[in-house]
Amino acid sequence: MITLDGLTKRYGGKTAVDDLTLELTPGTVTGFLGPNGAGKSTAMRVILGLDAPTCGTALIGGRRYADLDRPLRTVGALLDARAVHPARSGRDHLRAMALSQDISFSRVEEVLALTGMTDAARRRAGTYSLGMSQRLGIAGALLGDPQVLMLDEPVNGLDPDGVRWIRTLLRSLAAEGRTVFVSSHLMSEMERTADRLIVLGRGRLLADESMERLAAGAGVRVRGPRLLPLAGVLPAARWTGPEELTVTGHTSEQIGRRAHELGLVLYELRPVESSLEESYMRLTANSAEYGAQR
Amino acid sequence: MNALARAVSAEWLKLRSVRSTWWFAGGALLTMLLVAVLEAEDTAGFLRGQGRPVEPVSSVLEGVEWVQLVFGSFGMLAVTSEYATRGIVVTLACTPSRTRLLLAKTAVVGAAVFVAGGLTAVLGVAASAPLLQRYWEFDAGQVAGRILAMAAYMALVAALALGLGTLIRRSAGTVTVLFVLLYVLPLGLQGVAGSLDVELLVTVAGFTPGPAGERFMAGEPAFGLVLTAWAVAAVVAGVWVMRRRDA
């Protein structure tokens, strides 16, 4: 289990992670979502003890990462798939990691097979494609058979087969009771993988919701010729078109009843469905670091 | 296995699993043979007229002056290549203790350079033999002692470079500082001492790694401590900085 308590990280004057408090629980895939520069990677770096927090704590099962004796047996992480010496073979890369943790070389062969890297294991890592580097990185994360897995943008560079493979892998790891923490800037990816979503923007926690709740938060779309009175009585309504309102916080039934009371004609009344992407955009609209200004 | 032994075995595998390590060993050997033979020929020509005896390691001592930069770069790369490739992220995830990591790296690099440097020196003596044999008095014990001192010197220079590499993190900067420390600093100090007539600076120059190493290899064991102090200071400074710095 990972516990962040008031975690803050500043680099110079720039706050990368701002007072982040959360707890990651076993048996779930937690998606860590946010635009580039939102602080996802920084939070992961602090959890791994690579960067020291400015204040607050990041604990794994109650202990700091640096205090773990053979850390890879507790936490497996993939932060940067390209962070491998290009002249070393994939197999030697993993073997060096294994030696540092008292893990047998036969386990190295296991994770190579599991990630489909056995045939490429003899080649120098510098010759790998991004997708192969990702697989090698995931092999490294799985090496210690850890209870906690932390992967930063693991689907980057993977082909559709690879993406599907990662999704299945993460689901099965969570089903085995492990804590899976996976970051992405793509909502569509998280939609299919995560049970719980943590949305970060400019280092701050914007949302910490179960998948269903976040999906429901998108609202109900109402279309009709004269909606002004309805907008008047529903403060959570937004105009999303000349004859269209999007209402949050009310069910379709409630809105339909209201419209009837006001004697309004409706052309359309439906919950917005594939709306996670939209909810995400809404949540992060003000926090995209390099958002388009126009 | 305890944590340090695990880190050492991992670092040793990392070192021997990249081709550049073997290029460095080959480069060091080639440099040594070239310099030693040239130097031996030079000495032999000089001695032909004089007929004085010569030390068997004399030509190899000249070789060390050059080879130390090769082994220094090798020691430095144990750290700077990790920063250049970002592999340091994985390394620190495996071995979070910065102290333990740098101890392991220093031990592995030091041992490797001690062995490779010693071997290089032995081969240097062997290569000089056809030219110098006639002029030298070969005392096996003494020669062995000298070769061990040279091996230790090169290992300590590699450790010094490893510490500097940790402080600076970039290869180009580290090589520059190493070069200044080994070659430029003593000459500069002596130059200033000469023009200002300050005897103290000459003494100080004698305690910089290069000149201290020369005296150590010439058979003054006490200067081995001076060198060790330099190497320890660099590695300790590296640990100190690394513990306080984000990876």
Side-chain angles (χ1 to χ4, degrees), chain A residues 9-11 16 41-42 44-54 64-103 105 124-126 136-137 140-141 143-144 146 150 152, chain B residues 1-25 74 76-105 107-109 169 171 239-247:
Chain A
K9 178 64 186 177
R10 288 189 204 96
Y11 296 104
S41 300
T42 302
M44 288 185 166
R45 288 177 64 87
V46 173
I47 294 171
L48 284 184
L50 294 170
D51 293 1
T54 307
R64 290 188 316 138
Y65 187 86
D67 296 332
L68 300 171
D69 179 42
R70 286 171 295 187
L72 298 197
R73 292 179 173 224
T74 309
V75 185
L78 165 63
L79 287 199
D80 179 358
R82 289 293 198 194
V84 178
H85 197 302
R88 192 172 291 126
S89 74
R91 179 176 280 120
D92 282 336
H93 172 76
L94 292 176
R95 284 186 166 182
M97 292 173 76
L99 282 175
S100 72
Q101 313 291 308
D102 244 345
I103 293 169
F105 283 177
R124 297 185 302 127
L136 180 64
L143 187 63
M150 198 160 71
D152 195 7
Chain B
M1 266 202 286
N2 74 38
L4 182 61
R6 293 199 306 262
V8 166
S9 60
E11 288 303 321
W12 171 229
L13 174 62
K14 279 162 70 177
L15 207 60
R16 65 193 154 89
S17 61
V18 292
R19 215 177 287 163
S20 66
T21 298
W22 306 103
W23 282 111
F24 269 103
F74 173 70
M76 158 199 92
L77 273 176
V79 178
T80 55
S81 76
E82 295 233 13
Y83 281 103
T85 61
R86 302 297 309 135
I88 190 75
V89 168
V90 176
T91 301
L92 285 175
C94 291
T95 309
S97 159
R98 274 65 169 164
T99 312
R100 193 178 301 144
L101 176 67
L102 280 189
L103 275 181
K105 278 186 181 293
V108 167
V109 163
R169 285 188 278 186
S171 298
V239 169
W240 190 82
V241 166
M242 208 180 182
R243 285 174 60 115
R244 272 152 196 80
R245 183 173 68 192
D246 289 338

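Naming convention: chains lettered A, B, ... in sequence-line order (proteins, then strands); numbering from 1 in each chain. Below, each value reflects all heavy atoms present in this structure, side chains not excepted, and no hydrogens, waters or symmetry copies.
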- Task: Would you check if Glu11(B) and Leu15(B) make a side-chain contact, meaning some heavy-atom pair closer than 4.5 Å?
- Result: no

- Message: Using side chain to side chain donor-acceptor pair (under 3.5 Å), reason through Thr21(B) and Arg16(B) one step at a time and then give a plain yes or no.
- Response: CA-CA 6 Å; Thr21(B) 298; Arg16(B) 65 193 154 89; over 6 Å; no

- chain B heavy atoms under 4.5 Å from Asp69(A): which part of the residue, side chain, backbone, both or neither? both

- Item | Closest-packed option against chain A by number of heavy-atom pairs under 4.5 Å, given Ala93(B), Ala5(B), Ser81(B) | Ala93(B)

- Note on the structure: chain B shares the most heavy-atom pairs under 4.5 Å, among Gly140(A), Ala98(A), Ala87(A), Ala96(A), with Ala96(A)

- What part of Leu79(A) is in contact with chain B, defined as an atom under 4.5 angstrom from a non-hydrogen atom: side chain, backbone, both or neither? side chain

- Item | Side chain / backbone / both / neither for Arg45(A) at chain B, heavy atoms under 4.5 Å | side chain

- Task: Please flag which part of Asp80(A) lies under 4.5 Å from any non-hydrogen atom of chain B: side chain, backbone, both or neither.
- Result: side chain

- Message: Looking at Val46(A), is its backbone amide N or carbonyl O close enough to the side chain of Lys9(A) to form a donor-acceptor pair, meaning the two atoms are under 3.5 Å apart?
- Response: no

- Under a 4.5 Å heavy-atom cut-off, does chain A meet the side chain of Ser97(B), its backbone, both or neither? neither

- Interface check, chain B: of Leu48(A), Asp102(A), Val75(A), Leu68(A), most non-hydrogen pairs under 4.5 Å belong to Asp102(A)

- Item | Lys105(B) NZ to Thr91(B) OG1 distance, which is reported to the nearest 0.5 Å | 5.5 Å

- Please examine the side chains of Gln101(A) and Met97(A), heavy atoms only from C-beta on, and report whether any two atoms are closer than 4.5 Å. no

- Go through the atoms of Val90(B) and report whether side chain, backbone, both or neither lie under 4.5 Å from a heavy atom of chain A. side chain

- Name the region of Arg98(B), side chain, backbone, both or neither, that has any atom closer than 4.5 Å to a heavy atom of chain A. side chain

- Query: With side chains defined as the heavy atoms from C-beta onward, is the minimum distance between Ser100(A) and Arg70(A) less than 4.5 Å?
  - Reply: no

- Task: Take Ser17(B) and Arg88(A) through the test side chain to side chain donor-acceptor pair (under 3.5 Å) and record every step on the way to the result.
- Result: CA-CA 6 Å; Ser17(B) 61; Arg88(A) 192 172 291 126; 2.9 Å; yes

- Tell me, for Ala66(A) versus chain B, whether the close heavy atoms (under 4.5 Å) come from the side chain, the backbone, both or neither. both

- Task: Determine, step by step, whether Asp51(A) and Tyr11(A) satisfy the side chain to side chain donor-acceptor pair (under 3.5 Å) criterion, reporting the C-alpha distance in whole Å, the side-chain angles of both residues, the deciding distance to 0.1 Å, and the verdict.
- Result: CA-CA 10 Å; Asp51(A) 293 1; Tyr11(A) 296 104; 2.5 Å; yes

